[in-house]
**Q** 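Please see the structure below; I have some questions.
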There are 2 protein chains.
Amino acid sequence: MSSAPLAVTQRLGYLLKHAQLRLAELAEPLYAPLGVTGRQLALLTLFGDGPARSQQDGAARLGVDRTTMVALVDELEAKGLVRREVAPGDRRKRLVLLTPEGERVREAGAEVTRKAEALLLEPLSAEDAERLRAALHQVVRAE
Amino acid sequence: MSSAPLAVTQRLGYLLKHAQLRLAELAEPLYAPLGVTGRQLALLTLFGDGPARSQQDGAARLGVDRTTMVALVDELEAKGLVRREVAPGDRRKRLVLLTPEGERVREAGAEVTRKAEALLLEPLSAEDAERLRAALHQVVRAE
DNA sequence: TATTGTTATACTCTATAACTATA
DNA sequence: TATAGTTATAGAGTATAACAATA
């Protein structure tokens, strides 16, 4: 009844972790010249895309605690890439807005992200690469 | 020249991280009755599969530091799931071997891993699920 | 000299608890 | 009373440096 032994390198947990490690290896050196980490760039992408978001809203979307978000926004603020603004209509909330410099870094970073992803996906055909992204999206969505 | 803005939820880094988070959410409650974490089960899978490995060998394969491996093996040894044995031929090396109990937990865990993966992959067709695993494998291998 | 395992230590990441201000 | 942001603190998880045993 038990099928063939699932070697550790075949487990999804292993594959997901190592794919992430490899992507980070490829991407971080490319981000470095921009003066930001991949994490920080993800935040710029999050807050620079669509209508202004509060810290809490961003934290929920990124899957981190709101106390973690405070520190992350602090970093970006110290670099002059974002500013906090009291939300009109609810003075408890802080909207996180990109500065012009933050916007520039976000755009440059998006280009770099595409490059790093292309490097990671190099061994796959364009079709399989798109299938991989779509499959991950479906799996993550089902929350 | 810059294509459409790549929303943060479309980035591979985001997708890989959240797929991992979701898998852990699904799997950990199933592992708990076995008295081990997913991490520990991964180690049992690693050391229980194929010829005996040294700690260093296992660390390299798992992508962790050798000092980290010491602590991980300590945990399993304290639970009576593995034992260390001096490697014949090189007295510096310690082979990590599964005890009978460790072997039992490994087998039960493999079954549970399959179940958790099936839950994660539920939204995909069997064909797409296999494609996902194959694509990740290719991407990780290219090291 | 180099490698394996080990220990002590420090660093990063993250969350929990308690506080302030607003609602 | 409840929520958003903040601070202080503590807990994982991990790596670096230094040491002992062995090669």
Side-chain angles (χ1 to χ4, degrees), chain A residues 13-14 16-18 20-25 27-28 31-32 36-43 46-47 51-79 82-97, chain B residues 13-14 16-18 20-25 27-28 31-32 36-43 46-47 51-79 82-97:
Chain A
Y14 176 94
L16 291 170
K17 176 192 165 187
H18 284 254
Q20 224 182 324
L21 283 175
R22 186 156 153 67
L23 179 59
E25 256 174 41
E28 292 298 340
Y31 291 146
V36 291
T37 64
R39 188 92 219 250
Q40 292 169 339
L41 210 36
L43 244 71
L46 171 69
F47 287 116
R53 292 182 200 289
S54 70
Q55 291 187 196
Q56 183 96 285
D57 187 9
R61 195 155 301 237
L62 224 59
V64 301
D65 193 83
R66 70 190 210 269
T67 62
T68 301
M69 183 55 77
V70 172
L72 295 174
V73 173
D74 280 349
E75 288 173 12
L76 293 177
E77 200 179 37
K79 285 174 187 284
V82 303
R83 60 190 169 82
R84 290 169 158 108
E85 194 167 285
V86 172
D90 190 340
R91 299 182 50 75
R92 292 171 305 179
K93 295 190 182 179
R94 302 298 143 99
L95 302 181
V96 180
L97 304 168
Chain B
Y14 176 94
L16 292 170
K17 176 192 164 188
H18 284 255
Q20 223 181 326
L21 283 175
R22 186 156 153 68
L23 179 59
E25 256 174 40
E28 291 300 338
Y31 291 146
V36 291
T37 64
R39 188 95 222 243
Q40 292 170 338
L41 209 37
L43 244 73
L46 171 69
F47 287 116
R53 294 181 199 290
S54 70
Q55 291 187 193
Q56 182 95 287
D57 186 8
R61 196 155 298 241
L62 224 58
V64 302
D65 193 82
R66 69 191 207 272
T67 61
T68 301
M69 184 55 77
V70 173
L72 295 175
V73 174
D74 280 350
E75 288 172 13
L76 292 178
E77 200 179 36
K79 286 175 187 282
V82 303
R83 60 193 169 79
R84 289 167 158 107
E85 194 167 287
V86 172
D90 190 340
R91 298 181 50 75
R92 294 172 303 181
K93 297 189 182 181
R94 302 297 143 99
L95 303 181
V96 179
L97 305 167

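As the structure is a prediction and not an experimental result, all values here were calculated from the model. Protein chains get the first letters and strands the later ones, always in sequence-line order, with residue 1 at the start of each.
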**Q** Rounded to the nearest 0.5 Å, what separation is found between the CD atom of B:Glu25 and the CZ atom of B:Arg22?
**A**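 That separation rounds to 7.0 Å.
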
**Q** Starting from P on D:dA4, measure out to CD on A:Glu85 and report it in whole angstrom.
**A** 18 Å

**Q** Hey, which of these two, A:Asp65 or A:Gly89, hits DNA chain C nearer its 5' end, going by closest nucleotide?
**A**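 In this pair, the answer is A:Asp65.
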
**Q** On DNA chain C, reading 5' to 3', which nucleotide is the first and which the last to sit with an atom under 4.0 Å from a heavy atom of chain B, could you check?
**A** C:dA2 to C:dT7

**Q** Report yes if the side chains of A:Arg84 and A:Asp74 come closer than 4.5 Å at any heavy-atom pair, otherwise no.
**A** yes

**Q** Mind checking whether B:Lys93 and B:Val86 have side chains closer than 4.5 Å, heavy atoms only?
**A** no

**Q** Among B:Leu95, B:Leu72, B:Val96, exactly one meets side-chain contact (heavy atoms from CB on, under 4.5 Å) together with B:Val82. Which residue is that?
**A**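 Answer to the side-chain contact (heavy atoms from CB on, under 4.5 Å) test with B:Val82 among B:Leu95, B:Leu72, B:Val96: B:Val96.
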
**Q** Do the non-hydrogen side-chain atoms of B:Glu75 and B:Arg39 ever get within less than 4.5 Å of each other?
**A** no

**Q** Calculate the interatomic distance between B:Leu43 atom CG and D:dT14 atom P; express it in whole Å.
**A**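 Between P of D:dT14 and CG of B:Leu43: 11 Å.
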
**Q** Enumerate donor-acceptor pairs with a distance under 3.5 Å from any side-chain N or O in residues 59-69 of chain B to protein atoms, sequence neighbours excluded.
**A**
from, atom 1, to, atom 2, distance (Å)
B:Asp65, OD2, B:Thr67, N, 2.9
B:Asp65, OD2, B:Thr67, OG1, 2.7

**Q** Which pair of non-hydrogen atoms, one from A:Ala52 and one from A:Leu97, has the smallest distance, and what is that distance?
**A**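 Closest pair (atom of A:Ala52, atom of A:Leu97, distance): CB-CD2, 3.6 Å.
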
**Q** Any chance you could measure B:Leu16, atom CG, to A:Leu21, atom CG, to the nearest 0.5 Å?
**A** 10.0 Å

**Q** At a cut-off of 3.5 Å, list every protein nitrogen or oxygen paired with a nitrogen or oxygen from nucleotides 5-9 of chain D, distance to 0.1 Å.
**A**
from, atom 1, to, atom 2, distance (Å)
D:dG5, OP1, A:Gln55, N, 3.1
D:dG5, OP1, A:Arg94, N, 2.9
D:dG5, OP1, A:Arg94, O, 3.2
D:dG5, OP2, A:Gln56, N, 2.7
D:dG5, N7, A:Arg66, NE, 3.0
D:dG5, N7, A:Arg66, NH2, 3.2
D:dG5, O6, A:Arg66, NH2, 2.7
D:dT6, OP1, A:Arg84, NE, 3.1
D:dT6, OP2, A:Gln55, OE1, 3.0
D:dT6, OP2, A:Gln55, NE2, 2.8
D:dT6, OP2, A:Arg84, NH2, 3.1

